[in-house]
Structures are given as C-alpha cells and as structure tokens.
Number of protein chains: 2
Amino acid sequence: MASEAARAKRPPRTSVWLEGKPPGRSRKPDPTGRPDATGDISGASGDSGVSGASGESCDADHPSGLDRLRITAVSVRLLDAEGLAKFSMRRLAGELGVTAMSLYWYVDTKDDLLEMALDSVFGEIRVPDLTDENADWRDQLRELAVSYRTVLVRHAWISPLIGQYLNIGPRSMHFSSAVQAVMRRTGLAPSHQKGAFSAVFQFVYGFGTIEGHYVQRCAEAEVSQDEYYRHAMGSISEKPEFQGSFHQETGESAEAGGGDTVEEMRERDFTFALELLIAGIEAMRARE
Amino acid sequence: MASEAARAKRPPRTSVWLEGKPPGRSRKPDPTGRPDATGDISGASGDSGVSGASGESCDADHPSGLDRLRITAVSVRLLDAEGLAKFSMRRLAGELGVTAMSLYWYVDTKDDLLEMALDSVFGEIRVPDLTDENADWRDQLRELAVSYRTVLVRHAWISPLIGQYLNIGPRSMHFSSAVQAVMRRTGLAPSHQKGAFSAVFQFVYGFGTIEGHYVQRCAEAEVSQDEYYRHAMGSISEKPEFQGSFHQETGESAEAGGGDTVEEMRERDFTFALELLIAGIEAMRARE
DNA sequence: ACCTGAACACCGTTCAAGT
DNA sequence: ACCTGAACACCGTTCAAGT
C-alpha cells in the first residue's frame with residue numbers, strides 16, 4: 001500500500017515487438033534496419049577492440065551511420081565484453097561515436113534496446129531440419145538443447161533478460177516454434193507437451209545460466225575454471241556450515257571422483273540430465 | 001582487449017560469506033545480528049505499509065536500532081514490494097530512517113547486502129525430514145521442488161541473484177545439502193546424482209523464474225493473470241511472425257483446450273514436468 | 001562505535017534547440 | 001530527418017568529519 005499513484009508516466013511497458021498498440025505516441029518512421037533483419041552476428045566473439053567512431057555507412061539521412069541494425073550489433077558486442085551491469089546508453093553511444101541522446105531517435109528506452117539485442121542472439125540457435133520426417137525427435141531435441149545452452153554461455157547477459165521480457169521477437173518465436181514442433185513428434189498427448197517442453201528447456205535455461213555466469217566470473221578474476229573451483233572449495237571448507245557436501249554450481253566433487261576438470265564434469269552432468277529428460281518423456285508417453 | 005587494466009580497485013569480489021580472506025581490509029567488529037541468525041521473516045508478505053523510522057531496539061551503540069538482521073529483513077520487504085530494479089541503498093536507508101552512508105558501517109557493498117537478503121529467503125524453503133528412513137524419496141523431492149518454486153515466485157527478485165552469486169550462505173547450503181541427501185536415496189550411482197540434481201532443480205529454477213516474473217508483471221499492470229494473457233495473446237496474433245503456436249511463458253493455449261485459467265494450466269504443467277523428471281530418474285537408474 | 005554531509009563519477013530520460 | 005547540450009532526478013561509494 002505504498003502511496004505511488006501519482007507517477008504513472010507510461011503504461012508499464014510490454015515489449016518492443018508490441019509497439020504501436022497505443023498509436024498516439026510520436027513514432028519514428030521505421031528507420032532502416034528494422035530488427036526483423038538484425039543480421040547474423042553469430043560467432044562475433046572474436047573481433048575484440050571495440051573500435052570507436054568508424055562511421056562507414058552514412059548517407060544524407062544518417063550522418064552518423066546509425067541504424068537499429070548497427071546499434072543492436074554493437075550492443076551485443078559490448079554486452080558480451082563487459083556484461084549487463086556495465087552496459088549503459090552513454091557507454092554504447094560512445095562506442096558508436098555519438099551522444100547518448102542520438103540513440104533515442106532509434107529506440108524508445110533502454111529496455112527496448114535490450115529486447116532487440118536479446119532477440120538477435122536467439123538467432124544464433126541452430127534449429128534442426130523440421131521437414132525431415134525420418135529424423136529422430138530425440139536427436140532434434142538434443143540439438144536444440146545443446147545449441148540453446150551454447151548461446152546462454154556465450155552471452156551470459158541474456159539470462160536475466162529472458163526472465164524479464166516476453167521473448168516474442170521473431171527469432172525467439174522461431175526457436176520456440178521449433179521446440180514445439182519437436183515436442184509434437186515425441187508422441188506425448190498434446191496436453192502434456194507444454195509440461196515436457198518446460199522440463200527440458202527450463203532445465204537448459206537454468207543450467208546454461210549458472211554455467212555462463214561461472215565462466216564469466218573466472219574470466220573476470222583471470223583464473224582458469226579449475227583454479228577458481230579449487231579456490232572457492234578451499235574457502236568454503238573452512239567454514240563451520242560445511243558438512244561434507246554441496247557443490248552447487250561448479251561441477252561436483254573435483255578431486256573426489258578423479259582427475260577430471262570442471263568442464264569435463266559439467267559436460268557429463270549436462271549429457272546425463274538431458275538423457276534423463278528424454279527417458280522421462282518416453283516413460284510418461286508409455287503411461288498415457 | 002579493452003584497455004581497462006588501470007582500474008582494478010578491488011579484487012573481483014566473491015561472496016559475503018567468504019569475507020576475511022584478504023585480512024588487510026579494515027573489517028568491522030562483527031556488529032550484532034550476524035546473518036547466520038537472520039531470523040525468520042517467512043511469510044512476511046502481508047504486513048504492508050513499509051513504515052518509516054520506527055526505531056524500536058536502539059541502545060547506546062546502535063542509536064538508530066540498526067543491525068544486519070534488521071537491514072536484511074527490511075531489504076527483503078522492499079525487494080518484494082518494489083522489485084530489484086527499484087531497490088537502492090538510498091531507498092533502503094530512507095526506509096530505515098537513516099542516511100545511505102550509515103549502511104556502509106554494516107555492509108561493504110550493495111552486493112553483500114543482496115547476498116544476505118538472498119540467503120535469508122532461502123531459509124523459507126521447507127526441507128523434509130531427512131532422518132525418516134521409510135520416507136519415499138519421490139515425496140521428499142516433490143516437497144523440495146514445490147517449496148523452492150513457491151519461494152521463487154514469492155520473491156521474484158532472487159532469480160537473477162541466484163545466477164549471479166555463489167549461493168554459499170548458511171541457508172542456501174542447508175537447502176542444497178537437503179537436495180543432495182534426497183538424491184542419494186534415489187538409487188542412482190553417485191556419479192550420476194549431480195546430473196539428476198541439475199535436471200530437477202534447474203528446471204524448477206527456470207519455471208519459478210518465468211512464473212514469478214509473470215505474476216509480478218500482472219500485478220504491476222494491475223490486471224489479472226488471465227487478462228494479461230488474453231491481452232498479450234491478442235497483440236501477438238496480429239503480427240506476421242505468428243504462425244499458429246508459441247505460448248512461451250504464460251501457460252499454453254488458454255481458450256483452446258478449455259476454460260482453464262492460466263494458473264490451472266501452469267499447475268498442471270509443473271506437476272507433469274516434475275513427474276516426468278521422477279520417471280526419468282527411475283528409468284536411468286534401471287539402465288545403470 | 002556509530003552516523004552524517006559533501007562530493008565524485010556515474011546513471012536513464014526529456015526537451016528545446018540546432019543542422 | 002537526424003543529432004545535440006543542458007538539465008532533472010536519480011545511482012553506489014569514499015572520505016573526512018561529527019557525536
């Protein structure tokens with residue numbers, strides 16, 4: 001019952017992809033590079049350097065060579081390099097060689113921008129050939145799950161955004177329709193497909209989220225994943241609460257089982273969990 | 001390769017729970033209310049009002065009645081009420097009737113504070129009686145999963161924090177040891193227990209995250225969950241990308257199947273997914 | 001031992017003004 | 001049509017100073 005009635009500036013915002021519902025707002029006339037065609041910046045990780053004002057494609061109407069496509073691409077690069085916390089409109093503008101206010105010509109809010117960046121990386125998920133009638137749905141499910149996980153780890157910043165936005169951009173939709181198409185082929189009753197969908201992809205989401213953050217944390221601390229693991233392990237075991245077991249996010253007892261690396265263990269766990277889920281689908285189908 | 005070598009102020013921060021590792025820092029002498037005993041603020045949702053300076057328990061050394069316990073409790077209340085985005089040190093201080101700088105006597109950074117708040121709500125998860133030898137591990141797993149989900153929905157702000165921090169506070173550890181104890185009782189080989197653990201609890205994490213955010217979004221927009229669903233549904237189906245299916249986070253085809261509410265569908269999906277996971281564990285155990 | 005004021009280096013966003 | 005400067009209302013955090 002906090003008294004905050006007198007500040008309803010905008011209606012609570014839904015999604016960039018749903019803009020134009022209240023058509024009163026002075027909308028911009030669709031500047032070049034509608035994010036429907038954000039361009040494949042797929043494995044863009046390598047090209048470091050984050051170059052400054054490079055103004056290549058600038059014509060009369062775009063003196064700074066700005067458009068949604070370029071803004072989105074540079075946003076992704078910046079988010080990959082420095083994380084969501086350090087990403088700001090001013091920082092992005094600097095990278096693009098303009099002032100922060102210029103961005104507001106192309107985008108209504110920072111949230112809109114992030115939603116665009118999010119959808120653009122969803123385009124990196126490889127989708128299996130859905131027209132192949134002979135393909136095994138298990139293989140298709142594995143491919144989607146592995147690819148989704150890869151994207152979550154490569155772009156750790158998307159995790160909180162996936163939880164926050166509606167994820168109804170064109171690429172997000174393409175991905176989720178593919179998943180549903182595969183679910184239809186499992187043989188599960190339609191009323192159960194959504195539950196099974198959830199089981200598999202919420203698992204991948206959670207797994208990729210933790211993994212991605214761990215990887216980033218190690219990179220920031222400039223230590224290997226194994227070093228970080230041993231460090232945290234050592235610190236924790238000195239605490240009184242330590243009662244012989246835990247291993248939340250790293251990857252289970254490192255030195256206990258054998259000389260495996262964190263990455264090997266994680267790989268095993270992911271694979272096993274995925275097979276468990278497939279076995280679960282088969283078991284539930286048999287019960288129907 | 002961004003040139004940011006000359007700003008390494010602090011080492012990248014690991015966790016409040018690991019403080020004192022580099023013992024150089026001028027640590028405060030353990031003010032009353034160590035978060036190990038943060039107190040049960042369990043179902044604290046109801047008591048609205050967020051009262052201002054109420055200074056009840058103030059003695060000579062705590063003129064404002066401040067301590068980690070109270071700070072944590074009020075943080076949770078504020079985070080529940082207004083979300084992570086609006087939570088600030090200044091806002092919290094205002095609520096406690098002090099200036100923002102006072103908080104830094106009790107806490108090193110905002111991150112430390114959030115980690116404490118996070119661990120405190122982990123204390124709300126109900127843990128089954130692990131000493132009962134006759135209990136079915138399936139029931140214990142269900143209880144843990146349902147309770148974890150409830151907490152994720154009640155405190156939607158914890159989702160990004162769980163991904164961000166190490167979750168090694170006393171209450172988090174208690175929860176994860178409980179989960180591991182249950183996993184040991186499944187009959188799975190020890191080397192597979194972590195994978196199965198992941199499958200189940202990453203699923204719950206993902207599910208609870210999306211659900212929690214959806215619930216909060218509806219609350220902010222001041223519409224019912226069904227209204228919000230129909231609204232989003234309507235907007236989406238006007239788009240060209242709409243190709244007959246999607247239903248990412250809401251709860252599947254609302255009016256398609258029957259007159260079910262969003263909440264009923266979500267309940268069914270969660271239950272089915274959980275049974276799928278249990279069936280998966282059983283199937284994998286049989287294969288070993 | 002605890003708390004504060006002033007200050008630093010940031011934010012997102014608006015708005016009137018420039019070209 | 002596109003871009004900017006100045007301004008508003010915020011941030012987290014430090015540090016010297018108060019009691």
Side-chain angles (χ1 to χ4, degrees), chain A residues 4 6-10 13 16 25-33 53 55 57-71 75 78 82-115, chain B residues 4 6-10 13 16 25-33 53 55 57-71 75 78 82-115:
Chain A
E4 56 200 16
R7 69 179 63 171
K9 309 200 169 185
R10 331 187 192 208
R13 210 197 85 92
V16 224
R25 255 186 149 303
S26 66
R27 289 272 359 132
K28 294 102 191 188
D30 226 9
T32 40
S57 58
C58 32
D59 56 14
D61 268 6
H62 296 264
S64 320
L66 237 52
D67 56 42
R68 280 193 168 202
L69 204 140
R70 196 156 101 86
I71 291 172
S75 296
L78 223 43
E82 311 188 349
L84 188 58
K86 289 187 186 164
F87 181 79
S88 76
M89 298 298 273
R90 289 166 144 104
R91 178 87 181 73
L92 171 61
E95 213 61 47
L96 286 161
V98 296
T99 67
M101 304 83 204
S102 312
L103 298 170
Y104 287 96
W105 181 260
Y106 298 92
V107 132
D108 274 350
T109 64
K110 189 188 181 188
D111 278 303
D112 281 10
L113 191 52
L114 288 173
E115 236 184 322
Chain B
E4 56 201 14
R7 70 178 62 169
K9 309 200 172 186
R10 332 189 191 206
R13 209 196 86 94
V16 223
R25 255 185 148 305
S26 66
R27 292 268 2 128
K28 293 101 188 187
D30 223 14
T32 40
S57 58
C58 33
D59 55 15
D61 268 8
H62 295 264
S64 321
L66 236 50
D67 56 43
R68 281 194 168 201
L69 205 141
R70 194 155 103 87
I71 290 171
S75 296
L78 224 40
E82 312 188 350
L84 188 56
K86 289 188 187 161
F87 180 78
S88 76
M89 297 298 272
R90 289 167 145 102
R91 179 85 181 74
L92 171 62
E95 212 61 47
L96 286 161
V98 295
T99 69
M101 307 78 203
S102 312
L103 298 171
Y104 287 95
W105 182 259
Y106 297 92
V107 134
D108 274 350
T109 64
K110 189 188 182 188
D111 279 302
D112 281 9
L113 191 53
L114 288 173
E115 238 185 317

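Just so we're on the same page: letters track the sequence lines, and every chain starts at 1.
Nucleotide dC11(C) holds its P atom 15 Å from the NZ atom of K110(B), rounded to whole Å. Rounded to whole angstrom, the span from the OH atom of Y104(A) across to the P atom of dC11(C) amounts to 11 Å. One interatomic measurement links the two molecules: CE of M101(B) to C1' of dA6(C), which rounds to 9 Å at whole-angstrom precision. Remark: P of dC11(D) and CE of M89(B) are 12 Å apart, rounded to the nearest angstrom. Computed from coordinates, the K86(B) NZ to dC11(C) C1' distance equals 17 Å when rounded to whole Å. Rounded to whole Å, atom P of dC15(C) lies 18 Å from atom CG of L103(A). Atom CG of L96(A) is separated from atom P of dC3(D) by 10 Å (rounded to the nearest Å). Here the P atom of nucleotide dC11(D) and the CD atom of E82(B) are 11 Å apart, to the nearest Å.
Residue S88(B) places at least one side-chain N or O closer than 4.0 Å to OP1 or OP2 of dC11(D). Look at S102(A) and you won't find any side-chain N or O under 4.0 angstrom from OP1 or OP2 of dC3(D). At least one side-chain nitrogen or oxygen of Y106(A) sits closer than 4.0 Å to the OP1 or OP2 atom of dC3(D). For dC2(C), one of the phosphate oxygens OP1 or OP2 lies less than 4.0 angstrom from a side-chain nitrogen or oxygen of W105(B).
A donor-acceptor contact shorter than 3.5 Å is absent between the side chain of S102(B) and the backbone of V98(B). R70(A) contributes a side-chain N or O that, together with a main-chain N or O of G65(A), makes up a donor-acceptor pair within less than 3.5 Å. Under the 3.5 Å distance criterion, the side-chain polar atoms of K110(A) are matched with a main-chain donor or acceptor of F87(A).
In this structure, of dC3(C), dT4(C), dT13(D), it is dT4(C) that holds the atom nearest to the side chain of V98(B). For R90(A), the listed nucleotide lying nearest its side chain is dC11(C); candidates were dC11(C), dT4(C), dT4(D). Comparing dT13(D), dT4(C), dT13(C) by their closest approach to the side chain of A100(A) singles out dT13(C).
Searching all strands for a Watson-Crick or G-U wobble partner of dC11(D) with both distances below 3.5 Å returns nothing. Pairing for dT19(C) is with dA1(D), a Watson-Crick or G-U wobble pair whose two hydrogen-bonding atom distances lie under 3.5 Å.
Taking the charged nitrogens against the carboxylate oxygens, R13(A) and E115(A) do have a contact shorter than 4.0 Å, which makes a salt bridge.
At a threshold of 4.5 Å between non-hydrogen side-chain atoms, the residues L113(A) and V16(A) do not count as touching.
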